[in-house]
Structure formats: structure tokens, C-alpha cells
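Worksheet: the structure to be examined is printed underneath.
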Amino acid sequence: MPQGQPSVVPDDGLTTRQRRNRPLVVVHTGIGKGKSTAAFGLALRAWNQGWPIGVFQFVKSAKWKVGEENALRVLGASGEGGSVAWHKMGEGWSWVQRGRQMDNEEKAREGWEQVKRDLAAETYRLYVLDEFAYPMHWGWVDTDEVISVLRDRPGTQHVVITGRNAPEKLVDFADLVTDMSKVKHPMDVGQKGQKGIEW
């Protein structure tokens with residue numbers, strides 16, 4: 001395996017091993033495609049390490065069948081790697097279904113309460129909080145509370161948060177932030193999403 005060398009060695013009193021194994025908060029944001037896809041790629045790596053994984057989808061419809069869900073559920077049930085639990089909180093995209101905004105907001109809050117309980121119980125080693133940047137951006141979930149809970153989480157729990165418009169406070173707090181920018185997209189020329197690419 002390639003061994004990356006850090007450009008800075010902080011004077012924090014930690015050994016190299018302690019610093020290497022510190023649990024991370026990861027944010028995938030920006031207007032480009034691939035934020036959730038990258039998070040599910042991390043979930044595959046976590047599954048291979050035997051870690052229990054919790055996926056929490058905050059905005060996507062509970063009826064929407066995504067390919068990653070089926071693949072990770074099959075892998076989780078295989079008994080070869082880590083377990084996988086999949087939770088869907090949203091009722092659909094709020095900017096499309098305006099009449100359901102209150103339901104979406106309530107479900108997002110309920111989902112966050114469940115994440116808090118699981119973090120306190122150390123239920124998973126990797127949490128994928130898919131599209132969780134939206135509830136914070138819209139003010140449904142308090143960003144300061146999220147940061148406080150993540151800062152104080154016990155054990156070695158890694159958390160990945162995806163979604164456009166990640167709050168600046170969250171970006172500043174996170175250990176690893178990737179901003180997915182768009183250079184080109186087929187939708188720019190009228191091509192809709194397709195199987196195997198978008199779902």
C-alpha cells in the first residue's frame with residue numbers, strides 16, 4: 001500500500017499511530033455529481049475491514065431504489081465483511097414536493113435524533129449521512145448541535161456527510177472536505193439521468 005507522508009507533524013502529544021487512527025468527520029459537498037457515490041465508496045472500504053456501517057438517507061424518497069443500497073445490503077448480509085443497516089428518512093425532494101416540506105423537516109429531525117442515539121451507543125464504525133447537508137442548510141437541524149455531537153462522539157466512529165451547501169461551520173470543523181465542482185454534465189445538454197450512472 002502507498003504510504004502518504006503528512007506535510008505537517010503537529011505538536012499534539014500523540015504518537016503517529018494514535019494520530020493515524022483518529023476518527024474522522026468527512027464532508028462531500030459542492031454542485032458536482034459524485035458526493036454520495038464517493039461516500040458509498042468509503043462504505044465499501046469499511047465493509048471490507050469488517051466495520052459495522054449505518055447509512056442514513058435524509059432527503060431522498062424512501063421509495064427511491066438506489067443501486068448502492070442493494071449492493072451494500074447484499075454485502076452486509078453475506079457474512080464476509082461488516083454489517084450494513086440502511087435508514088431512509090426523507091419523503092422526497094422538497095423543492096419538487098413543496099406540500100410535504102413539514103413532513104420532510106420532521107423526518108430529518110427524527111433521523112438526526114436516531115443518529116445521535118447510535119453515536120452515543122457506538123452502534124456503527126462508519127456513518128454515511130447522505131444528503132445531511134441539506135437539513136442543516138435549510139435550518140431543519142441545528143449545525144452547532146451537529147458539530148457539538150460529532151466533537152464529543154465516543155470511540156472510533158467515522159462520519160461522512162454529503163450534500164450541497166454544507167454549512168461553513170461544518171466545513172471548518174470537518175477533518176476532510178471535498179468540494180465536488182462541475183465542469184460538464186449531460187443534463188446541461190438535455191440528457192436525463194440513466195440506469196447504472198445515476199442509480
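Below, all heavy atoms of this structure are taken into account, side chains as well, without hydrogens, waters or symmetry copies. This chain uses plain numbering: 1 for the first residue, then up along the sequence.
Within a 6.0 Å radius of CZ in Arg17, other residues, nucleotides and ligands contribute 12 heavy atoms or fewer. Taking a 6.0 Å sphere around CZ of Arg45, one finds it holds 12 or fewer heavy atoms contributed by other residues, nucleotides or ligands.
Checking side-chain atoms of Lys35 against main-chain N and O of Gly30 turns up a donor-acceptor pair under 3.5 Å.
Residues Phe40 and Trp86 place their aromatic rings such that the two centres sit under 6.0 Å apart.
Side-chain contact between Val25 and Leu176 is absent, with no heavy-atom pair separated by less than 4.5 Å. Under the 4.5 Å side-chain criterion, counting only non-hydrogen atoms from C-beta, Val146 is in contact with Met136. Side-chain contact check for Asp130 versus Phe56: every heavy-atom pair is 4.5 Å or farther apart. Looking at heavy atoms from C-beta onward, Arg125 lies in side-chain contact with His158 at the 4.5 angstrom threshold. Considering only heavy atoms from C-beta on, Ile161 comes within 4.5 Å of Leu170 through its side chain. Taking 4.5 Å as the limit, some side-chain heavy atom of Leu72 sits within range of a side-chain heavy atom of Leu44. In this structure the side chain of Ser148 never reaches within 4.5 angstrom of the side chain of Asp144, judged on heavy atoms. In this structure, the side chains of Val27 and Thr178 stay at 4.5 Å or more apart for every pair of heavy atoms.
A salt bridge does not link Arg109 with Glu113: every distance from a Lys NZ or Arg NE/NH1/NH2 to an Asp or Glu carboxylate oxygen is 4.0 Å or more. By the 4.0 Å N-to-carboxylate-O rule, Arg153 lies too far from Glu122 to be salt-bridged with it. Between Arg22 and Asp175 there is a salt bridge, since at least one side-chain N of the basic residue sits less than 4.0 Å from a carboxylate O of the acidic one. Checked for salt-bridge contact, Glu131 and Arg164 miss the test: no charged N lies under 4.0 Å from a carboxylate O.
Under the 4.5 Å side-chain heavy-atom criterion for Ile, Leu, Val, Met, Phe, Trp and Tyr, Met187 and Met180 are members of distinct hydrophobic clusters.
Each of Trp138, Trp140, Phe132 was evaluated against Phe58; a single residue qualifies, Phe132, per the ring pair (Phe, Tyr, Trp, His ring centres under 6.0 Å) test. Each of Lys192, Gln194, Gln191 was scored for a side chain to side chain contact (heavy atoms under 4.5 Å, CB included) with Pro186, with one residue passing: Gln191.
Side-chain contact, Tyr124 with Gln157: no donor N or O sits under 3.5 Å from an acceptor N or O.
Thr29 approaches Gly163 most closely through the heavy-atom pair OG1-O, 2.8 Å.
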